[in-house]
Every structure is written in C-alpha cells, then in structure tokens.
Amino acid sequence: MTDDNGTRKVMILGSGPAGLTAALYAARADLEPLILEGTQPGGQLTITTDVENYPGFEDGIMGPDLIERMRKQAQRFGTKVRFETATEVDLSSRPFRVKSDHGHEYAAHSLIVATGATAKQIGLESEAELMGYGVSACATCDGFFFRDKQLVVVGGGDTAMEEATFLTKFASKVTVVHRRDQLRASKIMQDKAFGNDKIAFEWNAVVSDVVGTREGGVEAVKLTDTVGGEQRSFPCQGLFIAIGHSPNTALFNGELETDSVGYLVVRHPSTRTNVEGVFAAGDVMDPSYRQAITAAGTGCQAALDAERWLDEEGY
Ligand code: NAP
C-alpha cells in the first residue's frame, strides 16, 4: 500500500520464516507489505532437508516446501514479493529510503528487518580457495557430489550433526571434527549422530589447513590438536563447514544498534529497534534460539508492532 507520494506503509527485508510471517500478518492487516527477498530467497530453510520440529507437520516437511507454503500464504493476502536485495538504507529521516540492486528506490513509513544470518567460515586461505571445489558450507546443496567419499564436517552444534547425518546418505564415512570434547548440539541430534555407524568423531581438534587443488579437489585436511597443539594430516575428499552463523547487519552499520557480535538489539518484549518505525525479526536479532518457529514468532510480533506503531503515528 502506498500513499500519494508512493510511500509504502510496511517494507520487509528478508524472506525467511521471519520475513514471510511478518508479511502474512501485515498483509492480513491490509498493509500490502512489500518484501525484498534478498540474495537467498527463503533464507536458510531453503538449504536444509527435513524440518522435523516445525509444529503442524507431524511427519516433517522439507525446508524449501515449508518456505514455499509460507510465501504462497503471504501472497494470498496481498504481499508483494520482489527478487531484489537491499543495497542501501537511509533511516536518518522518515519515510525511510531503501535502494535495491535492481536500481529501484523505495520509501516506507515502517521497516521490518528480517535479513537473517549467514554461515561462518573458518577463515583459512585454502578454505576460500577450495570453496566449491571440495569445500562446502551446505550439505543439502553439495552432498550428492560426494558419493562413496570420506568427508569431514567441522562443528559441534545442531547444524554439524544435521549435516553429518545427511551426508551419510552419500559418503562412505563422515568424521566430525570438533574443537572441544563435548558437543553443543541438542541431545536428540547428538543421539542420532552417535547412533550412526558411518559417523566418527575427532575431538579437541580444529582444521588448520585444507590440502588439495581446484582441479583435483580436496585430498586431506590438517588437524591441529586444541589441547597439545600437535598437527597431523587427515585424508578426506570433502570438507563441510558447520560452525555457526553471523547476523546479516552490515547494511545498517551505524544506523541500528547491535550487540558486540552484530545482532540487532530490540526493546524487549517488543521488536522495536533504536530507530522508531524500524522493527527486527528472526535470526538477525536472535543470538540464542535461532529456530524456524522462533523466527516466525518474532516475524508475527514485528508485524503487530509495526501495525500498532503506524496506527499511533496516524499513518
Ligand atoms: P552453533 O550452535 O553456534 O554451533 C556452532 C559450532 O561450531 C559449535 O560447536 C562451535 O564450537 C563450533 N565453532 C564455532 N566457531 C568455530 C571455529 N572457528 N572453529 C571450529 N569450530 C567452531 O551453530 P549451529 O550448529 O549452526 O546452530 C545454530 C542454531 O540453529 C542453534 O540454535 C541450533 O539449535 C539451530 N539449529 C537447529 C536445528 C534443528 O533443530 N533441526 C538444525 C540446525 C540448527 P563450541 O561448541 O566450542 O562453541
């Protein structure tokens, strides 16, 4: 919905469960929200397989299917979805201005930031060099290419366990390399991994180098012991990085308040940020839960907060 000057009431940046749920609620409040989908339409759920903990799907649902349903539901009530990425925002005065990679400039009275988080990398030169050539951050995208290979997954959280378990469909063996001797993953995910006889663990170790070439792929990783410091070579043909995520907040540098890690800070129990009229939802503001259902929940809150705020302001 735009006013006489072409200003929208609500714009949403990001199209994961947070952005799409915010859109659903805003659309049902007749605010005709516009979503800029971002570089990864649908967000992280589009690179996962079975989602078994989203209520309402007793047999689980594939991540991309869940997102597709959310998108259709939001569109059914009038959400406009554009495959564009916000490249610049100006929150210094209202209406807020958003420029996109398609050269469009939008104006909006309120903004819901649901830009999510991106998978972290270890930070090795060899890792960057071989990314896409045997090194990957997405088992569901690339697992298929590693049939009967020996793989290493780095990380000790739920993502690492999920990726390792998924990769056993293709690989002959998957070794999880974790920097401590205890996993961070939830008990159910740990049990699944411990019960899988194709999965082995290397404790107290980090990957300190990746050996291979773009032509020939990965041949081995170098492991450094985090207790004694010894180094050794560990043969494998693929490396999957699953060491967590960083919030996508670079776009708002200096304009929106973040914590020391970069997550947007909201005024609990609301989703209000430090800038009036700007709300945040999902992984971009959530350093602790980071579930599809909590992202959807905060998306709903952000839309309700935006609707109330627009009302208070007389828009
Ligand atoms: P996470 O919980 O932050 O775990 C990251 C893991 O990587 C930790 O074990 C950490 O080690 C390790 N790590 C971090 N930096 C490292 C580095 N530079 N080198 C080596 N290891 C490093 O991240 P996540 O697994 O991506 O999970 C994120 C959130 O999504 C969690 O809340 C999780 O519950 C959720 N999630 C849920 C599901 C599900 O329910 N099906 C699936 C996936 C993710 P330390 O343990 O030593 O810190």
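Note that ligands are numbered from 1 as they come in the structure, with each ligand's atoms numbered from 1 the same way.
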* Would you call Glu313 and Lys9 a salt bridge, taking side-chain N to carboxylate O under 4.0 Å as the test? -> no
* To do: Salt-bridge test for Glu162 and Lys192: reply yes if a basic N is under 4.0 Å from a carboxylate O, no otherwise.
  => no
Which pairs would a plain distance check flag for residues 71-83, meaning a side-chain donor or acceptor within less than 3.5 Å of a matching protein atom at least two apart in sequence or in another chain?
| unit_1 | atom_1 | unit_2 | atom_2 | d |
| --- | --- | --- | --- | --- |
| Arg71 | NE | Glu37 | OE2 | 3.4 |
| Arg71 | NH1 | Glu68 | OE1 | 2.6 |
| Arg71 | NH2 | Glu37 | OE2 | 3.3 |
| Thr79 | OG1 | Ala23 | O | 3.4 |
| Thr79 | OG1 | Ala74 | O | 2.8 |
| Arg82 | NH1 | Tyr106 | OH | 2.9 |

* To do: Answer yes if the side chains of Asp305 and Thr271 hold a donor-acceptor pair under 3.5 Å, and no otherwise.
  => yes
* Pairs involving residues 219-231, ordered by first then second residue, that meet salt bridge (Lys or Arg N to Asp or Glu O under 4.0 Å) (sequence neighbours left out) -> none
Please produce the table of protein N or O atoms sitting under 3.5 Å from N or O atoms belonging to ligand 1, one pair a line, distance to 0.1 Å.
| unit_1 | atom_1 | unit_2 | atom_2 | d |
| --- | --- | --- | --- | --- |
| ligand 1 | 9 (O) | Gly156 | N | 3.0 |
| ligand 1 | 9 (O) | Gly157 | N | 3.4 |
| ligand 1 | 11 (O) | Arg179 | NE | 3.1 |
| ligand 1 | 11 (O) | Arg179 | NH2 | 3.4 |
| ligand 1 | 25 (O) | Asp158 | N | 3.2 |
| ligand 1 | 25 (O) | Thr159 | N | 3.0 |
| ligand 1 | 25 (O) | Thr159 | OG1 | 3.1 |
| ligand 1 | 26 (O) | Thr159 | OG1 | 2.6 |
| ligand 1 | 26 (O) | His245 | ND1 | 3.3 |
| ligand 1 | 32 (O) | Tyr289 | O | 3.2 |
| ligand 1 | 34 (O) | Asp158 | OD2 | 2.6 |
| ligand 1 | 34 (O) | Gln291 | NE2 | 3.3 |
| ligand 1 | 40 (O) | Asn53 | ND2 | 2.9 |
| ligand 1 | 41 (N) | Glu162 | OE2 | 3.2 |
| ligand 1 | 46 (O) | Arg180 | NE | 3.4 |
| ligand 1 | 46 (O) | Arg180 | NH2 | 2.8 |
| ligand 1 | 46 (O) | Arg184 | NE | 3.0 |
| ligand 1 | 46 (O) | Arg184 | NH2 | 3.4 |
| ligand 1 | 47 (O) | Arg179 | NE | 3.0 |
| ligand 1 | 47 (O) | Arg180 | NE | 2.7 |
| ligand 1 | 48 (O) | Arg179 | NH2 | 3.0 |
| ligand 1 | 48 (O) | Arg184 | NE | 3.3 |
| ligand 1 | 48 (O) | Arg184 | NH2 | 2.7 |

* **For Phe252, ring pair (Phe, Tyr, Trp, His ring centres under 6.0 Å) partners two or more places apart** => none
